[in-house]
Amino acid sequence: MEHEAAIARSAEAIRLHRGHNILIEAGAEPVIDRLTRRDRPAPASPPELWAWTFVVKDMIDVAGLPTTRGSVLYGSEEALTTAPCVESLERAGAFLVGKANQHEFAWGVTSENPHWGDVRNPRHEHLAPGGSSGGTAAALAAGIARFGLGTDTGGSVRIPAACCGVVGLRPRAGAVSSEGVAPLAPMFDVVGPMTVSVADCARVWEVLSGEAVEPPPSLSGMVVGVAEGCAQAGEFADLGAEVREIALPYGILSPYWTIVGAQARRTHEATYPANAASYSAGVRRKLDDAGGIGHREYRRAVEELSAFRAGFSAETAGVDVLIMPTLGGPAPRAGCDEAAVRGEVGRITSVVSALGLPALAVGDLQVVGRSEADVLRAGLCRESRGGAIPAPR
């Protein structure tokens, strides 16, 4: 049967890539083994994602499985309930085959993890898989799953998509339920799908949101803003769009990082600094750097963020979507110093997160718009005309 063949392919890929630290198996038995014992005959009318295999980042609860958050502080107990975003996918016929490894507490761009092993990039061995949803992207690149769920605060879906050559969607805050998902900085945390194509992303998005998105025949009549000298500007012009250069508001990063730091400290107040020895050195540094942010500084940052958003919205009035690289520089190399590269690697994705806009990463191409449907339509149009997934630099 179709679903049995899909599960067998996943099991073989897990075996082949066992040394890549792609999955976190913190439970009593591997998830794939539990799945193979379940008898799920095909219904008379198979649902939308029947026989699609998927993984979820280990920030997301699945009943009966631990949720480690990529840490040793969590995961000693099984989750009692399943996050609604996962439930919707399973109702649509998808088969969960594993919990994906990640950067500890979803805070980093390399998915190096001293507790569960550094995730390795199956497609580009010399590169890190990106972070923090590196295990999810690596699972797709390795053929372990057809799609996955990641979380994205400042680029954690999009950066791994670029590093591993897959597709990732950052929705707007609240577009997908965050119930049952461990937080980092709640103002910016979102759950997003990761897939091997834009077409698959649109199908998973329809299940998550109820919104069907079809590819337009062309981009005629659309205005596309081009930032950071995006290499694909000519492709969008060839699709019929009018292209014009725009500048990203990098000043928004100062209030953004103040808010992220303050919210992360609050998120970890029950365990940090009391259990600091159980944190990796990298996350300890980030939490220490965020120490001392008071309510006045936080309130000022929120006001500044709002002003930047309003200003950029006014400046881009009449622009339908924006295109730009996903990565702010070369992809991080395997074994690199995460602290030394994270600012450059995530500078573009962080600006987009700060602006609160949805974004589609097609490898190292990022399409940003005012709605998920806008960015998916642009990506679908490009893909339908043969547009490939740009490789990381």
Side-chain angles (χ1 to χ4, degrees), residues 152 155 157-172 192-205 211-250 312-331 346-393:
D152 189 310
V157 159
R158 293 161 289 159
I159 292 169
C163 292
C164 293
V166 298
V167 174
L169 176 68
R170 174 191 167 86
R172 288 167 292 180
M194 303 177 73
T195 58
V196 295
S197 69
V198 182
D200 276 9
C201 195
R203 288 185 67 182
V204 176
W205 177 248
E211 179 180 36
V213 182
E214 300 294 334
S218 75
L219 300 183
S220 179
M222 289 185 63
V223 177
V224 174
V226 180
E228 295 286 320
C230 183
Q232 289 75 35
E235 294 181 33
F236 282 81
D238 290 343
L239 293 171
E242 174 192 338
V243 298
R244 64 176 70 161
E245 290 188 8
I246 60 102
L248 295 176
Y250 284 103
F312 188 71
S313 179
E315 290 171 11
T316 55
V319 176
D320 296 295
V321 297
L322 314 172
I323 58 170
M324 61 200 73
T326 304
L327 301 174
R347 67 185 178 89
I348 299 176
T349 55
S350 295
V351 168
V352 175
S353 292
L355 289 167
L357 298 173
L360 178 72
V362 183
D364 196 22
L365 164 66
Q366 190 173 193
V367 184
V368 179
R370 292 180 175 82
S371 73
E372 295 79 13
D374 286 346
V375 300
L376 284 168
R377 275 194 288 265
L380 285 167
C381 183
R382 177 181 175 274
E383 184 174 84
S384 69
R385 296 285 194 91
I389 295 178
R393 289 162 280 164

Return the [atom1] to [atom2] distance between [X] and [Y], rounded to the nearest 0.5 Å.
X: L360; Y: Q366; atom1: CG; atom2: CD; result: 9.0 Å
X: I159; Y: D152; atom1: CD1; atom2: CG; result: 8.0 Å
X: E372; Y: E211; atom1: CD; atom2: CD; result: 6.5 Å
X: L322; Y: T316; atom1: CG; atom2: OG1; result: 6.0 Å

Less than 3.5 Å apart, which donor and acceptor atoms pair up between the side chains of residues 230-239 and the rest of the protein, not counting sequence neighbours?
| from | atom 1 | to | atom 2 | distance (Å) |
| --- | --- | --- | --- | --- |
| E235 | OE1 | R382 | NE | 2.7 |
| E235 | OE1 | R382 | NH2 | 3.2 |

If you define the side chain from C-beta out and look only at heavy atoms, does anything of [X] sit under 4.5 Å from [Y]?
X: I323; Y: V243; value: no
X: D200; Y: W205; value: no
X: M194; Y: V157; value: yes

Checklist entry - Using a distance-only test with no angle check, is there a side-chain donor-acceptor pair under 3.5 angstrom linking R377 and S371? => result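 Checked: R377/S371 side chains show no N/O donor-acceptor pair below 3.5 Å.
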
Item to check | side chain to side chain contact (heavy atoms under 4.5 Å, CB included) between L248 and E228, worked out | outcome: CA-CA 8 Å; L248 295 176; E228 295 286 320; 4.3 Å; yes

[X] and [Y]: which non-hydrogen atoms are nearest, and at how many Å?
X: G225; Y: V319; result: N-CG1, 3.5 Å
X: S218; Y: R385; result: CB-NH2, 3.9 Å
X: R158; Y: G168; result: CG-O, 4.4 Å
X: V362; Y: V198; result: CG2-CG2, 3.8 Å
X: L380; Y: P215; result: CB-CB, 3.6 Å
X: P216; Y: C381; result: O-SG, 3.6 Å

Ignoring hydrogens and angles, write down the donor-acceptor pairs under 3.5 Å from the side chains of residues 386-393, residues two or more places apart or on other chains.
| from | atom 1 | to | atom 2 | distance (Å) |
| --- | --- | --- | --- | --- |
| R393 | NE | D364 | OD2 | 2.8 |
| R393 | NH2 | L327 | O | 2.3 |
| R393 | NH2 | D364 | OD2 | 3.2 |

Checklist entry - Between D320 (side chain) and V224 (backbone), is there a donor-acceptor pair under 3.5 Å? => result no

Checklist entry - Would T349 and T326 satisfy side chain to side chain contact (heavy atoms under 4.5 Å, CB included), going step by step from the backbone distance to the final call? => result CA-CA 6 Å; T349 55; T326 304; 4.0 Å; yes

